[in-house]
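What you are looking at is a predicted structure, and each value in this text was computed from that prediction instead of being measured. Order of listing sets the numbers, starting from 1, for every ligand and every atom in it.
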Amino acid sequence: MKVVIIGTGYVGLVSGVGLADIGHEVVCVDVDPKKVELINSAISPIHEAGLDELLRKNVSSGALSATTDLKKAIIGAEVSMIAVGTPFDGDKIDLQFIRQAAKDIAMVLPLAARYHVVCVKSTVVPGTTENVVGKILEENSSRKLGVDLGLSMNPEFLAEGTAVADFMNPDRIVIGAIDMPSSNIIKKLYEPFSFADFVFTSLATAEMCKYAANAFLATVISYANEIANLCTEIEGVDAVDVLNAVYKDRRLSPITPQGRITPGLLSFLFPGTGFGGSCFPKDVKALASYGTALNRPMRILEAVLDTNRLQPMVTVELIRQALGSLQGKRVAVLGLAFKPGTDDVRETPALSIIQLLLDNHATVVAHDPIAIDSMKSNYPELQVQYRSDIHDAVADADAVVFATRWPEYSACYQYVSSRSVPVIDGRRFLDKQANPNYRGIGLRAKELRKTNV
Ligand code: NAD
C-alpha cells in the first residue's frame with residue numbers, strides 16, 4: 001500500500017520506518033526541510049534504539065522517502081496518516097497543526113487513490129477526528145466521507161526509548177473508523193502484526209483509549225511519589241521497600257510455575273522526580289481540562305498533576321537539606337532526557353530541577369549521554385554549563401543529582417561516591433548503603449544516617 005505520513009517526529013518517523021519495513025511504500029512529509037534532508041540521507045533526526053539501522057535499510061531499498069511536498073507525495077496514495085504535534089495550550093489541546101495538516105491533505109486529495117483513508121495518529125480529544133479533521137477534509141475537497149473518502153483514528157502506543165521495538169511488536173492496535181471500508185484498509189496496513197490484539201471501534205472511542213492509557217500510567221507514577229513523599233516523613237521507612245512489598249501482590253506480579261512475572265507497569269510504581277516528556281504531562285492536562293469542559297472534573301488527574309509538579313521541588317529540597325543553602329553552590333545534574341533511551345527533553349523533570357537550582361543562585365553543571373544538543377536547542381536561554389564527560393561534570397561539584405536512570409550512571413556511581421559530596425538519587429536506582437552521603441526520594445535522610453552509623 002502507498003502511505004503518506006504527515007509529520008515526521010517521534011511517532012511519524014518511527015511509524016513510517018516501521019510501515020516501510022513491513023512492505024509498504026511510505027512517503028514521510030514534514031514542513032521542516034532539515035528533517036527531510038536528514039531522513040533522505042538515512043540519518044535519523046531523533047535518537048531511538050534501532051531507528052538508524054531500519055532507516056538506512058528502508059531508504060536504501062526505496063521503501064521510504066521524505067519530502068516537504070505533500071502534493072507529490074500523495075499521488076496514488078491509499079492512506080495518509082496525520083502524526084503532527086498536539087501541544088497543550090494551557091487551556092486545551094492546540095489543534096493548529098492538526099487543522100493545517102487536514103487542510104493540506106484536502107487540497108491535494110484529487111491526486112490520491114480513488115478511495116483514500118485519512119487516519120489520525122496524533123493524540124486528540126474525542127470528537128476531533130470526526131468534527132475537526134473530517135469536516136475540514138469535506139469542506140476543502142470535493143470528496144465525501146463514506147463515498148470516496150475514509151476516516152480513521154489509530155492512536156499510537158509506542159514509548160520513547162523503545163519506540164521501534166514497540167512499533168514492530170505492538171501489544172494492541174486500536175482502529176477507530178467511520179465505516180467498514182476505512183477500518184478494513186487500516187487493518188490491512190497492519191496485516192503483518194496479526195499477532196497483536198486488534199480493537200475495532202468508533203473514532204471517539206479510539207481517541208479516548210489513548211488518553212485513558214496515558215492517564216492511568218501517569219496516575220501510577222504520582223501514586224508512588226505520593227507514597228514516597230509520605231515515607232520521607234516517617235522514621236525507619238524507605239518507600240522503595242514499601243513499594244517492593246506492594247509489587248509482590250500476586251495480582252500485580254502473578255506467580256506462574258516458571259516463577260514470578262514482573263509486569264512492566266511495576267517500573268512506574270517507583271519513587272522518582274516525576275513524569276515528563278512530550279506525552280504524559282500534556283495528555284493528562286488535556287484530559288483533565290476536557291473533563292472540566294464536559295462538566296465532569298477529573299479530580300484524580302488534577303491531583304496526579306499536582307503531585308508531579310511537586311517532585312522536582314522534593315528533589316531540590318533534598319539538595320538544600322544536604323548543603324544548607326544553595327547560594328553559590330555548584331550542583332552537577334546527571335541526566336537531562338526525561339527517561340533513558342531518548343534525547344527528548346520536552347517537559348523533562350531535569351529542567352524544573354535546574355530552574356529551581358538557578359532560582360536559588362546555585363551554579364549548575366549538566367551531563368547527559370545523548371540529550372545535551374536537544375537541551376541546548378530547546379532551552380537556549382538556560383544558564384547551564386554542559387559537560388560531555390561525567391567526570392568533568394562531577395569534578396568540583398558540591399552535590400550531585402541523578403535525574404535520569406541512564407545505565408552508565410550506575411557504572412560511575414563508585415567514582416561519584418569517592419568524591420564524598422552529597423548524592424541525590426532522583427530515580428532510586430543506586431545502592432544507598434554504598435555511600436554515606438546518599439539521599440533519595442522516599443527515604444528519610446536522618447534515618448539513613450542512623451543506619452549507616
Ligand atoms: P513531534 O513534535 O516530534 O513531531 C511533529 C512533526 O510534525 C514535526 O516534525 C513538525 O515539523 C511536523 N509538522 C507539523 N505540522 C506539519 C504539517 N502541516 N505538515 C507536515 N509536517 C508537519 O511530535 P511527536 O512526539 O511525534 O507526537 C506527534 C503526535 O503523536 C502527538 O499528538 C503526540 O501526542 C502523539 N504521540 C506521541 C508519542 C511520543 O512518544 N512522542 C507517543 C504516542 C503518541
Which residue and heavy atom of the protein sit nearest atom 27 (O) of ligand 1, plus the separation: V11 CG2, 4.2 Å
Can you tell which part of A83 has a heavy atom less than 4.0 Å from ligand 1: side chain, backbone, both or neither? backbone
Specify the protein heavy atom at minimum distance from atom 32 (O) of ligand 1: its residue, its atom name, and the distance to 0.1 Å. T86 OG1, 2.6 Å
Nearest 0.5 Å, please: how far is CG in L265 from OH in Y247? 9.5 Å
Using distance alone, with no hydrogens and no angle criterion, decide if N378 and S374 have a side-chain donor and acceptor under 3.5 Å apart. no
If we ignore angles and hydrogens, is there a donor and acceptor under 3.5 Å between the side chains of S222 and N225? no
Within a distance under 4.0 Å of any heavy atom of G85, pick out the atoms of ligand 1 and give their elements. 5 (C)
Enumerated ligand 1 atoms positioned under 4.0 Å from heavy atoms of K282: 33 (C), 34 (O)
Give the atoms of ligand 1, by number and element, whose distance to some non-hydrogen atom of K35 is under 4.0 Å. 8 (C), 9 (O)
Looking at L158, which atoms of ligand 1 are within less than 4.0 Å of one of its heavy atoms? 40 (O), 42 (C)
Under 4.0 Å from a heavy atom of E160: give me the atoms of ligand 1 that qualify, with their elements. 39 (C), 40 (O), 41 (N)
Using distance alone, determine whether K210 and ligand 1 share an N or O pair under 3.5 Å. no
Nearest-contact summary for atom 35 (C) of ligand 1 - protein heavy atom, Å: T123 OG1, 3.4 Å
Under a 4.0 Å heavy-atom limit, does S122 contact ligand 1 with its side chain, its backbone, both, or neither? both
Going from CZ on F268 to CD1 on I221, what distance comes out if it is rounded to the nearest 0.5 angstrom? 5.5 Å
Could you find the nearest protein heavy atom to atom 23 (O) of ligand 1 and give me its residue, atom name and distance? R346 NH1, 3.9 Å
For atom 3 (O) of ligand 1, the closest protein heavy atom turns out to be G9 CA, 3.3 Å
So, D359 and Q355: side-chain donor and acceptor under 3.5 Å apart, yes or no? no
Numbering as shown, the atoms of ligand 1 that approach S278 to under 4.0 Å (heavy-atom distance): 25 (O), 41 (N)
Output yes when D21 and K57 qualify as a salt bridge under the 4.0 Å nitrogen-oxygen rule, no when they do not. yes
Does this structure show an ion pair linking E347 with K285, if we count only N-O contacts that are shorter than 4.0 Å? yes
What's the separation between atom NZ in K2 and atom NE2 in H24, rounded to the nearest 0.5 Å? 14.0 Å
Distance to the ring centre below 6.0 angstrom and angle to the axis at most 45 degrees; does that hold for R427 and Y409? no
Among all protein non-hydrogen atoms, which one is nearest to atom 24 (P) of ligand 1, and what is the separation to 0.1 Å? Y10 N, 4.0 Å
For atom 7 (O) of ligand 1, which protein heavy atom lies nearest, and how many Å away is it? G7 CA, 3.3 Å
Find all atoms of ligand 1 within a distance of less than 4.0 Å from any non-hydrogen atom belonging to C279, and give their numbers and elements. 36 (N), 37 (C), 38 (C), 39 (C), 40 (O), 41 (N), 42 (C)
Does some side-chain heavy atom of V125 sit less than 4.5 Å from a side-chain heavy atom of Y211? yes
Identify the protein heavy atom lying closest to atom 16 (C) of ligand 1, giving its residue, its atom name and the separation to 0.1 Å. V84 CG1, 3.5 Å
In terms of ring plane angle, is the pair F193 and F195 parallel, tilted or perpendicular, where the classes change at 30° and 60°? perpendicular
Does the side chain of P312 reach to within under 4.5 Å of the side chain of T273, using non-hydrogen atoms? no
Quick one: which ligand 1 atoms are inside 4.0 Å of a heavy atom on V29? 20 (C), 21 (N)
Hey, is ligand 1 close enough to K121 that some N/O pair sits below 3.5 Å? no
May I ask you to test the N308-V284 pair for a side-chain heavy-atom distance under 4.5 Å? no
If you measure from each non-hydrogen atom of D104 to ligand 1, which part falls under 4.0 Å: side chain, backbone, both or neither? side chain
Can you find an N/O atom of I6 closer than 3.5 Å to an N/O atom of ligand 1? no
